[in-house]
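The structure appears right after this line, and notes come after that.
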Amino acid sequence: MLRDITLGQYYPADSILHKLDPRVKLFGTLIYIISLFLFDNIWGILWITLALVCVVRLSKVPFSFMIRGLRSIIILLIVAGVFNLFLTPGQEIASFGIFKITMEGLRNASLMTVRMVYLIIGTSIMTLTTTPNQLTDGLEKSLHGLTKLNVPVHEIAMMMSIALRFIPILIEETDKIMKAQMARGADFESGNIFQKARNMVPLLVPLFVSAFRRAYDLAQAMEARCYNGGEGRTKMKPLKYVSRDRNAYILIFVAFVVTIVLKVVL
Amino acid sequence: MALELKDITYKYSAGTAYEITALDHINVTFPDGEFIGIIGHTGSGKSTLVQHLNGLIKATSGEIIYNGQNIYDKDYSMKELRTQVGMVFQYPEHQLFETTVYDDVAFGPKNQGLDDKDVALRTYEAMEAVGFPQELCDVSPFELSGGQKRRVAIAGVMAMKPAVLILDEPTAGLDPMGRDEILNMLKETHERTGNTVILVSHSMEDVANYADRIIVIDKGQIKYNDTPKNVFKHYKDLEKMGLAAPQVTYFMNDLKNAGMPVSTDATTVQEARDEILKLMGR
């Protein structure tokens, strides 16, 4: 039932992108997003499309998984596209009553649509090829410099990984409690919205109780092992750069330079 | 009249990269009025199997026939099935939610659409069956001890008076006394009402002491389906599956190997005692 939901949407495969250090992928995604908003001509679009196609092929993740994320923003895309199309002032090319389509509007709308779609696909590639834990590890390490500014980087990363760790546990728990109550004749599907909300009580109360119980247990287990934060703490699997990570950095840098050149020259 | 599984296969996350076959072409019949033990190693598929029996999990392929009707038929009422086939999950006390013990136990019977009088009758009956003191029925279930919570949770299912009662590791995490009390209570109810009891466990002693028949599951397949005596004869095979025989079986085998002419059939301490006393001529 609920178990079928894939979370953190990691897709296991044996590709160079999966093996890459998460810091490289985070940095690459950041550069990619900046590039997306730098270009404003057809050559930029073509160049980014080329880069994106290469990365998609490299990741060995089925393309259908990447465009899955688009479903959630399709309404936003349509609304923003329509507004851009009709409400941008400029040279008129067609009109329907009070609505006018302008050259600039057409341009803005298509540019924005391409940017949004590419943004989703690009970030999906990162989350599809990186496990949530790698991601928080990478974040923690990348943001380590901020500790000097009294930002509790380790604590934030710890909270993130605990939260991520608990999602599948709570889903499993929800599934179990739901089944247990259904076995006692509870009904979670029928009725109007108020009845449905009331029918959720047998599910929500035990779920909250168990979430608190688990949080308490975890806190005790951490305390019993004298856990006291990031200072001087070593990792079981420390992040280490290898040659493919350096090569990837060089590639990202080159690609970024090309983007800037395309922006300036054309 | 029985619960019959025909060629049941179940795959988790079918069609994705995470696909796992949990049940592999299971064929088994649970006749009415039997006390059946299901044993298997962690991850063998025993919990998945029992969740099929009241339709909480729908098989990827295969049929389940209850009292002559296919439960996957479109017009078959799952709700009706679930009042007939009751299910006590692992750590059932985690499902308690009401403000009082009484309300929690009454949740099942109320959902069955009974009137208040019948609900009250069944609730008190179930509390008595599990040995829960009636004067505590207005206490919040969250204030009870672990063992008492377990009783309340089991009473919540028994109050529905299911013809088939499934229990998934009902004694996990209980002390020996609590364990014996719950299992004795199940046996007593079974003998009194003639219901079918399906007990999932990985305690060999428990199933040997209480079950008429044992089903052994390994890697999603049924390996043995026989009386405790016959199943535990294969204790070497059971060990390969990460299981074992009751300790008395090992003891009797050791005695035999040490040269004493005992039969190694005994699966309970009582039987072993009788066998040894017989040998000693008493």
Side-chain angles (χ1 to χ4, degrees), chain A residues 1-15 18 59-62 64-65 68 128-129 131 168-191 195 198-214 216-217, chain B residues 11-20 22 47-48 50-51 53-58 78-99 103-114 140-142 149 153 155-160 162 165-166 168:
Chain A
M1 213 187 314
L2 280 167
R3 210 184 279 254
D4 295 332
I5 300 172
T6 47
L7 251 141
Q9 60 169 352
Y10 178 67
Y11 184 91
D14 180 33
S15 83
H18 285 77
S59 72
K60 292 187 187 166
V61 178
S64 60
F65 276 80
R68 224 171 252 187
L128 281 166
T129 61
T131 62
I169 291 181
L170 287 180
I171 288 190
E172 207 173 295
E173 191 90 17
T174 313
D175 188 45
K176 204 192 106 179
I177 296 169
M178 230 166 141
K179 279 183 185 160
Q181 306 298 26
M182 275 160 72
R184 294 209 282 164
D187 185 358
F188 296 110
E189 270 118 36
S190 57
Q195 280 164 333
R198 207 178 44 222
N199 289 347
M200 290 304 258
V201 171
L203 174 64
L204 291 178
V205 172
L207 194 62
F208 270 100
V209 172
S210 108
F212 280 112
R213 190 184 59 241
R214 284 180 190 280
Y216 181 73
D217 286 352
Chain B
K11 291 178 175 140
Y12 278 110
S13 313
T16 71
Y18 298 99
E19 181 175 301
I20 300 164
S47 293
T48 312
V50 292
Q51 285 179 38
L53 302 182
N54 64 350
L56 287 172
I57 296 182
K58 191 176 185 304
M78 280 291 174
K79 213 167 170 175
E80 183 57 32
L81 175 73
R82 283 173 195 150
T83 70
Q84 294 291 311
V85 182
M87 168 102 191
V88 179
F89 276 79
Q90 269 178 53
Y91 296 101
E93 61 272 25
H94 292 174
Q95 80 198 26
L96 300 173
F97 70 98
E98 274 288 4
T99 44
D103 285 341
D104 211 295
V105 177
F107 179 68
K110 262 185 205 154
N111 284 331
Q112 283 177 303
L114 300 169
S140 159
F142 296 103
K149 276 187 196 168
V157 176
M158 288 178 68
M160 298 173 75
L165 180 63
I166 307 166
D168 194 350

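Chain naming here is simple, since letters A, B, ... match the order of the sequence lines and numbering starts at 1 in each. All values reported here derive from a predicted model rather than from experimental measurement.
- Looking at every heavy atom in both residues, L96(B) comes nearest to P206(A) through O-CG, 3.6 Å.
- Only the side chain of Q51(B) comes within contact range of chain A, with heavy atoms under 4.5 Å apart.
- When all heavy atoms of F142(B) and V205(A) are compared, the closest pair comes out as CZ-CG1, 4.0 Å.
- A distance-only check finds no donor-acceptor pair linking the side chain of K179(A) to the backbone of I57(B) [under 3.5 Å].
- Heavy-atom distances place the side chain of M160(B), and not its backbone, under 4.5 Å from chain A.
- Of the listed residues (R82(B), K79(B), M78(B), E98(B)), the greatest number of heavy-atom pairs within a distance under 4.5 Å of chain A belongs to R82(B).
- Dense packing is recorded around CZ of F188(A), with more than 12 heavy atoms of other residues, nucleotides or ligands lying under 6.0 Å away.
- From Q90(B), atom CD reaches atom NZ of K176(A) across 6.5 Å, with rounding to the nearest 0.5 Å.
- For A186(A), the parts sitting under 4.5 Å from any heavy atom of chain B are the backbone and the side chain alike.
- Note that CZ of F89(B) and CZ of R184(A) are 11.5 Å apart. Values are rounded to the nearest 0.5 Å.
- Between I177(A) and H94(B), the shortest heavy-atom contact is CD1-O, 4.2 Å.
- A distance-only check finds a donor-acceptor pair linking the side chain of Q181(A) to the backbone of Q95(B) [under 3.5 Å].
- Applying the 6.0 Å contact sphere to CZ of F97(B) captures more than 12 heavy atoms from other residues, nucleotides or ligands.
- Between chain A and the options T83(B), I166(B), D104(B), N54(B), the largest number of non-hydrogen pairs under 4.5 Å is found for D104(B).
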